[in-house]
Amino acid sequence: MSLYGWVLVLMVAGFFFTVAFKLGPVYIDNSFIASGLKDLGRHPEGVETLSNGQIKKELMQFFSINNVRNEEAKNIKVQRNGEVVLVNIDYEIRVPMFANIDVVLTFNNQLNSKFPGQCCTPINE
């Protein structure tokens, strides 16, 4: 391969490494958020018995222990519909890539106490 070929290969590899290093931590944080919701769904007394404040406190402790760095993901919404408790963590992150190019990532995480095993994607009933 010629010098220009190697430069092109290095540029392409550098691009993919940059994307991986900038977007990887965001996806890792979201996996911790989903894991926190799954743990909450396995609460011994059930999510329905916890108050909204207790739900938020347990999730915030989990996020603190696992070093979730995203502040927007800490916007926890709890909705109660009769016997069903919905815990939503929906957020959007803008990650600057190069110069004036940003990548916008949207995450929708939901725990439905009626279906805790199907955590963490929203369920349409």
Side-chain angles (χ1 to χ4, degrees):
M1 213 186 306
S2 69
L3 177 64
Y4 293 118
W6 279 110
V7 169
L8 181 65
V9 167
L10 289 176
M11 286 175 53
V12 170
F15 172 78
F16 284 109
F17 279 124
T18 301
V19 169
F21 282 117
K22 291 201 176 204
L23 299 183
V26 176
Y27 281 101
I28 291 170
D29 277 353
N30 189 61
S31 71
F32 282 129
I33 290 166
S35 178
L37 284 174
K38 287 177 187 175
D39 283 354
L40 184 65
R42 291 188 290 259
H43 196 272
E45 292 97 32
V47 180
E48 300 86 5
T49 62
L50 300 174
S51 70
N52 293 0
Q54 288 172 321
I55 290 171
K56 290 179 181 181
K57 182 181 175 186
E58 289 208 14
L59 286 172
M60 293 304 287
Q61 285 176 344
F62 184 88
F63 295 163
S64 177
I65 290 169
N66 290 293
N67 195 26
V68 174
R69 298 171 293 273
N70 184 358
E71 289 300 318
E72 290 182 27
K74 296 177 182 176
N75 186 13
I76 302 164
K77 295 177 185 147
V78 180
Q79 298 173 336
R80 295 181 183 271
N81 299 330
E83 295 290 321
V84 178
V85 177
L86 297 175
V87 182
N88 292 307
I89 304 176
D90 300 336
Y91 61 100
E92 181 178 286
I93 297 178
R94 182 177 298 263
V95 179
M97 292 301 288
F98 312 102
N100 61 349
I101 299 172
D102 292 348
V103 175
V104 178
L105 303 168
T106 305
F107 297 98
N108 300 316
N109 298 296
Q110 182 183 70
L111 171 66
N112 187 333
S113 65
K114 190 174 178 183
F115 307 106
Q118 295 179 5
C119 179
C120 290
T121 57
I123 299 171
N124 296 326
E125 292 186 33

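As the structure is a computational prediction, the values presented were derived from the model and not from experiment.
Leu10 and Val7 sit in two unconnected hydrophobic clusters of ILVMFWY residues. Membership requires side-chain heavy atoms under 4.5 Å apart, directly or through other members. Cluster annotation: Val84 is not connected to Val78 through the hydrophobic network of ILVMFWY side chains, with a link wherever side-chain heavy atoms come within less than 4.5 Å. Val95 and Phe107 fall within the same hydrophobic cluster, defined by Ile, Leu, Val, Met, Phe, Trp and Tyr side-chain heavy atoms under 4.5 Å apart, directly or through other members.
Distance CG/Leu37 to CD/Gln110: 9.5 Å, rounded to 0.5 Å. To the nearest 0.5 Å, the span separating CZ on Phe98 from OG1 on Thr18 amounts to 5.0 Å. How far CG of Asn81 is from CG of Leu86: 5.5 Å, rounded to the nearest 0.5 Å. In this structure, Leu50 CG and Lys56 NZ are separated by 13.5 Å, a value rounded to the nearest 0.5 Å. The structure places CD1 of Ile89 at 6.0 Å from CD1 of Ile33, a figure rounded to the nearest 0.5 Å. With rounding to the nearest 0.5 angstrom, the CG atom of Leu8 is 9.5 Å from the OG atom of Ser2.
Side-chain atoms of Leu111 and Val85, non-hydrogen and from C-beta on, never get closer than 4.5 Å to each other. When side chains are defined from C-beta on, His43 counts as touching Glu58, because their heavy atoms get closer than 4.5 Å. Annotation: side chain of Asn67 is in contact with side chain of Arg69 (closest heavy-atom distance under 4.5 Å). In this structure, the side chains of Val47 and Ile55 come closer than 4.5 Å at one or more pairs of heavy atoms. Side-chain contact check for Met60 versus Ile76: some heavy-atom pair is nearer than 4.5 Å. Residues Arg80 and Asn52 meet the side-chain proximity criterion, which asks for heavy atoms closer than 4.5 Å. Side-chain contact between Leu105 and Val103 is present, with at least one heavy-atom pair separated by less than 4.5 Å.
In summary, the side chains of Tyr91 and Asn30 do present a donor paired with an acceptor at a separation below 3.5 Å, with no hydrogens or angles considered.
Taking all atoms of both residues into account, the shortest heavy-atom contact from Pro25 to Ala20 is CD-O, 4.3 Å. A pairwise comparison of heavy atoms in Pro96 and Lys22 identifies O-NZ, 3.2 Å as the closest pair. Closest approach of Ile28 to Ser31, counting heavy atoms only: O-OG, 2.6 Å.
Around the CZ atom of Phe16, the shell of radius 6.0 Å holds no more than 12 heavy atoms that belong to other residues, nucleotides or ligands.
Note: Phe62 and Phe32 fail the aromatic proximity criterion, with ring centroids not under 6.0 Å apart.
Remark: the backbone N or O of Val87 is not paired with any side-chain donor or acceptor of Lys77 at under 3.5 angstrom. Although no hydrogens or angles enter the test, the distance criterion places a donor-acceptor pair under 3.5 Å between the side chain of Asn112 and the main chain of Lys114. Judged by distance alone, the side chain of Ser64 and the main-chain N or O of Gln61 form no donor-acceptor pair under 3.5 Å.
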